[in-house]
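Comments concern the structure below.
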Amino acid sequence: MSTMFAEHGRPVARSRSGFRAISALMSVAAAGVGVGLAFAQGYPSEQKAALLFSAPGRSSPQQRSAPAALIDAPPPAVVRTAASLLARSATSSSSSSRLAVRAEKPGGPPMPSVPLGVARPGGGELVRVELFLDLCCPFSAKLFKTVSTLVAPQYEGKVTFVVHSVAHPWHAQSSYMHEASLAVLDVAGADKFWEFSGEVFAQQSRFFDDMVYDKTRNDIYKELAEIAASVGVDSASVLERLRLAGPGNAGNAVTQRLKWATKLHRTRGVHVTPSVHLNFLEAGIVSSGWSADEWNNFLDYHVQEETR
């Protein structure tokens with residue numbers, strides 16, 4: 001009895017032994033037995049694959065040491081498949097062994113181990129839109145509301161929207177606001193970061209210069225933690241991330257992340273907020289006053305160009 005396989009786009013009849021060859025390969029690879037045996041022999045991949053599929057009872061010592069589950073020599077295509085899987089398994093095993101030992105921290109200034117910015121969940125890989133925003137900037141609030149509520153939901157799976165924190169130094173409280181947003185990110189993830197940012201923008205006037213002039217840093221933190229609680233984030237956990245880490249200028253648990261965010265927007269030449277970058281280049285045409293329709297006209301073209 002034979003079974004149909006596809007090779008180079010054409011159905012090809014294979015014997016039941018060929019089918020059993022694939023089944024045996026999967027069983028041996030899953031158990032890790034065949035890979036360990038073959039690679040212990042020091043043969044090239046295709047020879048190892050042929051060894052693993054050799055019939056029991058052959059004359060060579062290597063063949064006699066093969067597991068009893070192995071069967072008659074399979075077709076060449078199956079041998080090639082086996083060779084590929086064996087080589088891939090060896091590479092994976094080597095990488096896993098290397099990563100099992102904790103790497104030494106590199107010298108020099110601290111560097112982020114993951115990309116900066118906070119991507120809105122549900123985005124795609126076709127087009128990337130970066131929003132450089134200040135939580136204390138009214139124009140940033142206007143743009144964020146339009147994008148987060150009217151634009152981004154239309155481009156699920158197509159456009160990735162990323163928020164970058166830009167704390168303007170002429171609003172001292174802006175740093176505290178962004179620290180709180182990064183604490184929310186640490187505690188509850190990207191979804192809550194976006195939700196928290198939207199609520200802070202909605203209550204932004206509470207943190208304008210004239211409203212916080214006589215408030216302490218801790219007073220502002222507590223108000224921001226209350227907003228975090230209103231969107232379902234544990235306020236105590238947020239405040240813990242904002243607590244000073246030690247004496248002097250020790251900062252807190254999110255200070256380094258804010259430093260990286262600041263270094264990023266300086267490196268990218270961002271000064272005005274909001275600033276929008278499309279696929280890593282500044283899109284100076286974008287305005288905080290854009291309607292959803294204007295965003296659609298802008299994004300639709302680039303999404304269509306990418307998918308052509």
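Keep in mind the model is a prediction, meaning the values are calculated, not measured.
Nearest heavy atom pair, residue Ile285 against residue Trp290, reads O-CZ2, 3.4 Å. Residues Ala167 and Ser174 share a closest heavy-atom pair of CA-OG, 3.4 Å.
Criterion: ILVMFWY side-chain heavy atoms under 4.5 Å apart, direct or through other members. Under it, Val184 and Val231 are part of a common hydrophobic cluster. Hydrophobic clustering (ILVMFWY, side-chain heavy atoms < 4.5 Å, transitive): Val162 and Val254 are in distinct clusters. Hydrophobic clustering (side-chain heavy atoms under 4.5 Å, transitive across Ile, Leu, Val, Met, Phe, Trp, Tyr) keeps Val286 apart from Val166. Neither Phe139 nor Met177 shares a network with the other; the hydrophobic side chains, linked directly or stepwise wherever heavy atoms of I, L, V, M, F, W or Y lie under 4.5 Å apart, form separate groups for each. No single ILVMFWY cluster, assembled from side-chain heavy atoms under 4.5 Å apart, contains both Phe132 and Leu135.
At a threshold of 4.5 Å between non-hydrogen side-chain atoms, the residues Val159 and Arg128 do not count as touching. Within the 4.5 Å cutoff, the side chain of Thr160 has no heavy atoms near those of the Val127 side chain. In this structure, Leu242 and Tyr176 have side chains that are not in contact, with every pair of non-hydrogen atoms separated by 4.5 Å or more. Residues Phe193 and Val163 have side chains in contact (heavy-atom distance under 4.5 Å, counting atoms from C-beta outward).
The stretch residues 227-243 participates, sequence neighbours left out, in these side-chain hydrogen bond (donor to acceptor under 3.5 Å, both in side chains) pairs: Asp186-Arg241, Asp234-Ser237, Glu240-Arg243.
Ion pairing of Lys192 with Glu199 is absent here, as no side-chain N (NZ or NE/NH1/NH2) approaches a carboxylate O to less than 4.0 Å. A salt bridge links Arg217 with Glu179: the closest approach of a Lys/Arg side-chain nitrogen to an acidic carboxylate oxygen falls below 4.0 angstrom.
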Review point. Can you check side-chain hydrogen bond (donor to acceptor under 3.5 Å, both in side chains) on Glu130 and Asn279, steps first, answer last?
Key: CA-CA 8 Å; Glu130 295 172 284; Asn279 296 329; over 6 Å; no
Exercise for review: Decide yes or no on ring pair (Phe, Tyr, Trp, His ring centres under 6.0 Å) for Phe144 and Trp194, but give the supporting numbers first.
Suggested key: CA-CA 10 Å; Phe144 183 86; Trp194 274 71; 5.3 Å; yes
Point to revise | Check against side-chain hydrogen bond (donor to acceptor under 3.5 Å, both in side chains), His178 and Asp134 | key: CA-CA 8 Å; His178 285 285; Asp134 180 10; 3.2 Å; yes
Practice item. Take Arg206 and Ile227 through the test side-chain contact (heavy atoms from CB on, under 4.5 Å) and record every step on the way to the result. Key: CA-CA 11 Å; Arg206 291 175 56 184; Ile227 295 177; 3.9 Å; yes
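Taking NE2 from His277 and CD from Glu282, the interatomic distance works out to 4.5 Å, rounded to the nearest 0.5 Å. Taken from CZ in Phe161 to CD in Glu156, the straight-line distance is 9.0 Å, to the nearest 0.5 Å. To the nearest 0.5 Å, atom CG of residue Leu131 and atom OG1 of residue Thr273 are 11.5 Å apart. Atom CG of residue Leu133 and atom OG of residue Ser165 lie 8.5 Å apart, to the nearest 0.5 angstrom. Note that CG of Leu239 and CD of Glu226 are 9.0 Å apart. Values are rounded to the nearest 0.5 Å. Atom CG of Leu299 and atom NZ of Lys158 lie 11.0 Å apart (nearest 0.5 Å).
Ring geometry for His302 against Phe298 counts as perpendicular: the plane angle is over 60°, on a 0 to 90° scale with 30° as the lower cut.
At distances below 3.5 Å, not a single donor-acceptor pair connects side-chain atoms of Glu223 with backbone N or O atoms of Ile220. Within the 3.5 Å criterion, the main-chain N or O of Cys137 finds a donor-acceptor partner in the side chain of Gln204. Gln154 places a side-chain N or O within 3.5 Å of a backbone atom of Leu150 that can act as its donor or acceptor partner. Thr146 places a side-chain N or O within donor-acceptor distance of the main-chain N or O of Lys142, the cut-off being under 3.5 Å.
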Between side-chain atoms of residues 259-266 and protein atoms elsewhere (two or more places apart, or another chain), which donor-acceptor pairs fall under 3.5 Å?
residue : atom : partner : partner atom : Å
Trp260  : NE1  : Pro110  : O            : 3.1
Thr262  : OG1  : Leu258  : O            : 2.9
His265  : ND1  : Val270  : O            : 3.4

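Around atom NZ of Lys215, more than 12 heavy atoms belonging to other residues, nucleotides or ligands sit under 6.0 Å away. Applying the 6.0 Å contact sphere to CD of Glu125 captures no more than 12 heavy atoms from other residues, nucleotides or ligands. The 12-atom threshold is not exceeded at CG of Asn249, counting heavy atoms of other residues, nucleotides or ligands nearer than 6.0 Å.
With no hydrogens or angles considered, a side-chain donor-acceptor pair links Tyr155 and Asp300 at under 3.5 Å. Checking Asn296 against Tyr301 by side-chain atom types alone, no donor-acceptor pair falls below 3.5 Å.
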